[in-house]
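Beneath this line is the structure, given in structure tokens, with notes to follow.
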Amino acid sequence: MTEAEHGMPVDDDRAADQQMDAGAAVSTDDAVSRVLAADTTRAAGYTRFSGALAPALDEPDTSASAETAPGDGEQFDREERAALRRVAGLSTELEDVTEVEYRQLRLENVVLIGVYSSGSLQDAENSLRELAALAETAGAVVLDGLLQRRPHPDPSTYFGSGKARELADIVRTLGADTVIADTELAPSQRRALEDVVKVKVIDRTAVILDIFSQHAKSREGKAQVELAQLEYLLPRLRGWGESMSRQAGGQVGAAGAGMGSRGPGETKIELDRRRIHQRMAKLRKQIKAFAPSRETKRANRHRHHVPSVAIAGYTNAGKSSLLNRITHAGVLVENALFATLDPTVRRTQTPDGRAYTLADTVGFVRNLPHQLVEAFRSTLEEVKDADVIVHVVDASHPDPAGQLASVRDVIGEVDARDIPEIVAFNKADLVSDDDRLVLRGLEPTGIFVSARTGEGVEELQQRIADLLPAPEVEVELLVPYDRGDVISRLHVQGRVLKTDYLSSGTRVKALVHPSGLDAVQEFAVKM
């Protein structure tokens with residue numbers, strides 16, 4: 001039965017879209033807009049990303065102000081990363097990947113698929129838009145995308161046997177290399193769907209892991225990503241069958257035994273599992289060995305009474321841009337998901353002169369793979385050990401409430417719910433007054449800031465100063481002029497209220513931490 005018989009409109013451009021050359025170079029904007037554009041239903045139960053929501057990635061801005069925002073620096077890393085982008089149209093060597101166990105995650109031309117239940121179409125579209133942005137960030141060209149409405153994904157092939165065959169026709173027509181599912185597939189689902197569509201099938205978790213592997217720079221970051229990848233790969237190994245047994249002795253008969261036989265021996269998949277377990281154990285030791293260095297740095301900050309502030313938030317919300325605006329750190333800024341993974345800590349001051357550290361942390365995303373939360377737990381300790389958390393939310397995102405919930409879930413997983421939180425709605429220059437009212441309803445105490453224009457940054461710094469732990473013990477000191485180090489320490493670690501210069505030295509009234517009283521007790525003025 002045709003779509004017209006179903007009462008569904010027929011799109012005359014569909015046939016032309018299906019005949020497009022898959023090898024042609026397609027820009028990011030064209031790919032995302034094509035996937036997310038409103039279209040008619042392809043077949044019963046399918047939706048083609050209808051709606052006019054904001055794009056998953058920000059609209060590119062070619063203005064001069066967008067190229068050199070204050071504090072961003074030269075951004076040489078961006079050029080280096082762009083040089084390593086995958087080439088669009090590059091195809092894999094094998095037509096049918098189900099014939100081979102090992103294959104690299106090479107995303108080229110992809111088709112996105114998702115399943116949504118009744119009443120959650122908008123959430124499914126937002127999630128699939130985000131998956132399109134993840135695929136583009138990983139270096140893929142998104143050709144098409146399909147949503148199917150079902151109460152639950154099919155336990156066998158995720159889409160159901162009939163729809164899976166229809167997906168295979170779409171993949172073959174468009175010349176796609178990969179199908180990406182908007183959830184974490186069970187190993188049996190992935191294999192069964194690959195048997196039908198005859199191309200690689202991966203899931204959302206695999207794409208995120210691939211992005212992390214591309215963007216990790218430090219030794220600890222690379223070790224954390226590799227550990228997460230191995231934990232993901234272990235239950236998804238595919239064997240080559242009994243013919244790959246490594247041992248056989250004597251005259252092995254048809255039954256696999258014979259005179260002098262030692263049995264079939266260790267199979268290839270068992271050997272792979274053992275090697276993966278050994279590598280994972282080695283990586284865990286390496287990650288554990290990085291802990292003393294981090295603890296030493298934190299101990300130095302605590303010993304000198306330097307408070308810490310952690311910037312947490314959704315990926316691509318503008319955390320690094322905000323860090324650059326406040327501290328002029330020059331951290332890499334890019335319109336991509338998970339552009340920066342390794343934490344960056346910079347020292348800055350409150351408006352009244354108190355020193356504190358500002359730490360940029362890894363971004364979060366909805367359905368963040370559990371393997372990454374566990375592997376990056378050491379990195380997320382910057383959030384757990386902070387005195388204040390600046391929760392950055394993309395004000396221009398179509399689902400800011402989902403961002404808030406996703407980030408707070410991860411903050412809860414690292415036991416940081418009790419830390420004071422400042423919600424900063426970044427990119428305020430891109431939202432209207434009506435949108436601000438909606439956002440104010442989500443978080444009445446939130447601050448609207450713009451890392452590009454500087455709007456609200458001073459208010460944010462003042463809010464941080466109000467929440468930071470302040471010295472509370474008042475002292476009055478007479479410090480000789482040859483002990484300028486004491487005055488300097490008071491300005492850094494305490495709060496100087498009044499200064500008088502006398503012939504015998506500098507008389508200072510200040511607030512200090514209780515643990516710092518012993519260091520200045522000898523200079524106390526006897527009342």
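In this structure, the side chain of Asn426 engages the main chain of Ala317 through a donor-acceptor pair within 3.5 Å. With hydrogens and angles ignored, the 3.5 Å screen pairs no side-chain donor or acceptor of Asp387 with any backbone N or O of Leu468. Listed for the Ser488 side chain is no donor-acceptor partner under 3.5 Å among the backbone atoms of Gly484. No side-chain donor-acceptor contact under 3.5 Å links Lys384 to the backbone of Ile411. Proximity of a side-chain donor or acceptor of Gln214 to a complementary backbone N or O of Ala138 within less than 3.5 Å is detected. Using a distance-only test at 3.5 Å, with no hydrogens or angles considered, a donor-acceptor pair links the side chain of Arg325 to the main chain of Ala451. Side-chain N or O atoms of Gln403 include one that pairs as donor or acceptor with a backbone N or O of Asp394 at under 3.5 Å. Using modelled atom types, one side-chain atom of Thr361 and one backbone atom of Ile311 make a donor-acceptor pair closer than 3.5 Å. Panel note: side chain Arg452, backbone Lys427; no donor-acceptor pair is recorded below 3.5 Å.
Crowding of Arg440 atom CZ: a count of heavy atoms from other residues, nucleotides or ligands under 6.0 Å exceeding 12. Within 6.0 Å of CZ on Arg219 lie no more than 12 heavy atoms contributed by other residues, nucleotides or ligands. Enclosure of atom CD in Glu458 is not indicated, since only 12 or fewer non-hydrogen atoms of other residues, nucleotides or ligands lie within 6.0 angstrom.
A distance of 13.5 Å separates CD1 of Ile464 from CD of Gln349, quoted to the nearest 0.5 Å. With values rounded to the nearest 0.5 angstrom, Asp203 atom CG is found 5.0 Å from Leu185 atom CG.
Among Arg284, Arg236, Arg279, the one residue that satisfies the salt bridge (charged side-chain N to carboxylate O under 4.0 Å, His left out) test with Glu231 is Arg284. The side chain to side chain contact (heavy atoms under 4.5 Å, CB included) test with Val449 is passed by exactly one of Leu460, Val390, Asp429: Leu460. Of the options Thr205, Asp210, Leu209, Leu234, a side chain to side chain contact (heavy atoms under 4.5 Å, CB included) to Gln229 is made by Leu209 and by none of the others.
Of all heavy-atom pairs spanning Gln461 and Ile326, the tightest one is NE2-CG2, 3.6 Å. Closest of all the heavy-atom pairs between Gly505 and Tyr481 is O-OH, 3.4 Å. Taking all atoms of both residues into account, the shortest heavy-atom contact from Val407 to Gly313 is CG2-C, 3.6 Å. Considering all non-hydrogen atoms of both residues, Ala395 and Val431 come closest at O-CG1, 3.3 Å.
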Does Glu125 form a side chain to side chain donor-acceptor pair (under 3.5 Å) with Ser127? I'd like the steps, not just the answer.
CA-CA 5 Å; Glu125 287 179 340; Ser127 182; over 6 Å; no

Just do the side chain to side chain donor-acceptor pair (under 3.5 Å) check on Tyr314 and Asp399 with the steps written out, would you?
CA-CA 11 Å; Tyr314 215 75; Asp399 186 21; over 6 Å; no

For a side-chain contact (heavy atoms from CB on, under 4.5 Å) check, start with the C-alpha distance between Arg507 and Leu477, then their side-chain angles and the critical distance, and finish with the verdict.
CA-CA 6 Å; Arg507 185 160 184 154; Leu477 311 174; over 6 Å; no

Applying side chain to side chain donor-acceptor pair (under 3.5 Å) to Glu130 and Asn126, what does each step give before you reach the verdict?
CA-CA 6 Å; Glu130 189 172 87; Asn126 286 336; over 6 Å; no

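A donor-acceptor contact closer than 3.5 angstrom is absent between the side chains of Ser321 and Asn324.
Under the 6.0 Å cut-off for aromatic ring centres, Phe448 and Phe425 qualify, their centroids lying closer than that.
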